[in-house]
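Beneath this line is the structure, given in structure tokens, with notes to follow.
Chain A is the first sequence line, chain B the second, and so forth, proteins listed ahead of strands; every chain is numbered from 1. Only heavy atoms go into these numbers, but all of them, side chains included; no hydrogens, no water, no symmetry mates.
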Number of protein chains: 2
Amino acid sequence: MTLPSWNNEISSRDRILDAAEALFAKRGYAGVGLREVAEVVGLGKSSLFHHFKNKPQLYAAVCGRILRRIEESLMRTLAAGGSPVERLERWLDDLVNLLADNPSYARVLLRSLFEDDDLAGEMPEEMEVERAIASIMGSAGALLREGMGSGAFRAANVPHMLLSLVGITVFPFASGEFGQEILGKDVFDPAEVQRRKHELREFIRFGLIARSEA
Amino acid sequence: MTLPSWNNEISSRDRILDAAEALFAKRGYAGVGLREVAEVVGLGKSSLFHHFKNKPQLYAAVCGRILRRIEESLMRTLAAGGSPVERLERWLDDLVNLLADNPSYARVLLRSLFEDDDLAGEMPEEMEVERAIASIMGSAGALLREGMGSGAFRAANVPHMLLSLVGITVFPFASGEFGQEILGKDVFDPAEVQRRKHELREFIRFGLIARSEA
DNA sequence: AGTCGCGTCGACCGATCGGTCGGTCCAACG
DNA sequence: CGTTGGACCGACCGATCGGTCGACGCGACT
């Protein structure tokens, strides 16, 4: 097989995934040509087809890699234990860190949610994507239900709360120039990321409306 | 000019905008060909260029029409007066109604935010889009600041709160099959829309963490 | 030495892309 | 009546799309 583990070089496959991830984030699935991906990587276009059988599978591989990393990170974080509130806040902090450290993630994630119909065929890569999504959302939903059962969380509709949490955490890091114009600073600026984490926690703790001391 | 107001027919221009809006929502800017737009409308592709000089301008017109409608609706809603809390909740209710009644809106809106670089040239249509966005977000920001000043809202970072509100209101209606899978029902199902409005209001009122009676 | 297979490549394919061009039809206007 | 101008069309353009093909360089193994 000749796959020495003491090999510093990054495999062509990973370099293709890196380039495709950045491009898909910037211009979306249909907006990216394989020629451009190959050119960024420094390969001929034909070489891409040696590592991925076609464009949909490359796209699925990009999405799958992101979701797998998020899933792995969240599983590790959740396994650390603690009260539901602690775990939820750690969950969100962890997710924000991941999105902030990898500026492509939020956009690729949201964009992939918008591509309903396409990506036909039950390819293994495609199934992996759906499995990871189900795993992540399942864990989050279970955490919400546990916290509501124990009285730690306000009683709310779990599915709608899940949608709210995804929107509130993922969207800002996908908003690009829009977010930059609103914040006055880059969304990925470390100080702004820190503030985002704080504001997110406060929002979840207190909402927006001031507490009337009744 | 021959533009009789007693004309029932919908102008070709509007029918083109309708078709393009639905297609852009489904497959994004790069994923839609002008041939397909023309075919849906029932015109020859050449005719599209009679109403819009090129593809970017058609896209800008689609986005501009949506933003103008949202802006108009929000202005009307905000002008009705009331306390900051009342105006904010009416603002969000109104926005949800608009997004729920026009399933293309949320997706076109979010997708357009993701297209940073493209759409070059300072065309009038392009400027209209940015003006409407600035107007909407400006009004919302002013409302937040007013409410915080009067103590009706918790003191929070206004720009981050704006991003949170956009994410929490717009994203669910753009989430498509993802949202459907989580909710178990169509996101645009009237009952689900009603529930969304309720959960949104509760989230903003109380956050998620239960109140400890301290 | 031979050869096997992985990774890479350039040339090429049919299809489709956004956009142009010249022309037709027809109602409005003088 | 003739003319004008808006709406529309088919044919066509060069460029690019995703994808295929056959070949070549080159380690690894026998």
For this session: For residues A/Gly141 and A/Leu162, report the shortest heavy-atom separation together with the two atoms involved.
Result: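 That would be N-CD2, 3.9 Å.
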Exercise. Between B/Leu99 and B/Ala106, which heavy-atom pair has the shortest distance, and what is it?
Worked result: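 The pair with the smallest heavy-atom distance is CD2-N, 4.0 Å.
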Does a nitrogen or oxygen in the side chain of [X] sit under 4.0 Å from OP1 or OP2 of [N]?
X: B/His51; N: D/dC8; value: yes
X: A/Ser47; N: C/dC9; value: yes
X: A/Ser46; N: C/dA11; value: no
X: A/His50; N: C/dG7; value: yes

How many whole angstroms separate atom [atom1] of [X] from atom [atom2] of [N]?
X: A/Lys45; N: D/dC17; atom1: NZ; atom2: P; answer: 9 Å
X: B/Ile16; N: D/dC8; atom1: CD1; atom2: C1'; answer: 11 Å
X: A/Arg35; N: D/dT20; atom1: CZ; atom2: P; answer: 13 Å
X: B/Leu34; N: D/dC9; atom1: CG; atom2: P; answer: 15 Å
X: B/Lys53; N: C/dC21; atom1: NZ; atom2: P; answer: 14 Å
X: A/Glu39; N: D/dT16; atom1: CD; atom2: P; answer: 11 Å
X: A/Leu48; N: C/dG7; atom1: CG; atom2: P; answer: 14 Å
X: B/Phe49; N: D/dC9; atom1: CZ; atom2: C1'; answer: 14 Å

For this session: Report yes if the side chains of A/Glu72 and A/Arg76 come closer than 4.5 Å at any heavy-atom pair, otherwise no.
Result: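 A/Glu72 vs A/Arg76: side chains touch.
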Problem set entry | Sugar-phosphate only, base, or nothing, as touched by B/Val32 at under 4.0 Å among non-hydrogen atoms |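 Sugar-phosphate contact only.
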For this session: Report the nucleotide, chosen from C/dT8, D/dG6, C/dC17, that has the shortest atom-to-atom distance to any side-chain atom of A/Leu43.
Result: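 Among the listed nucleotides, the one closest to the side chain of A/Leu43 is C/dT8.
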For this session: Report the nucleotide, chosen from C/dG19, D/dC8, D/dG18, that has the shortest atom-to-atom distance to any side-chain atom of B/Ser12.
Result: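 Per side-chain heavy atoms of B/Ser12, the pick is D/dC8.
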Exercise. Closer to the 5' end of DNA chain C via nearest nucleotide, is it A/Arg15 or B/Gly33?
Worked result: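 The residue whose closest nucleotide sits nearer the 5' end is A/Arg15.
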For this session: Classify the side-chain pair B/Arg68/B/Ser135 by whether it contains a donor and acceptor separated by less than 3.5 Å.
Result: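 Judged by distance alone, the side chains do not pair up.
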Problem set entry | B/Arg196 (side chain) donor-acceptor with B/Phe188 (main chain) under 3.5 angstrom |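 The answer is no, because no donor-acceptor pair under 3.5 Å joins these two groups.
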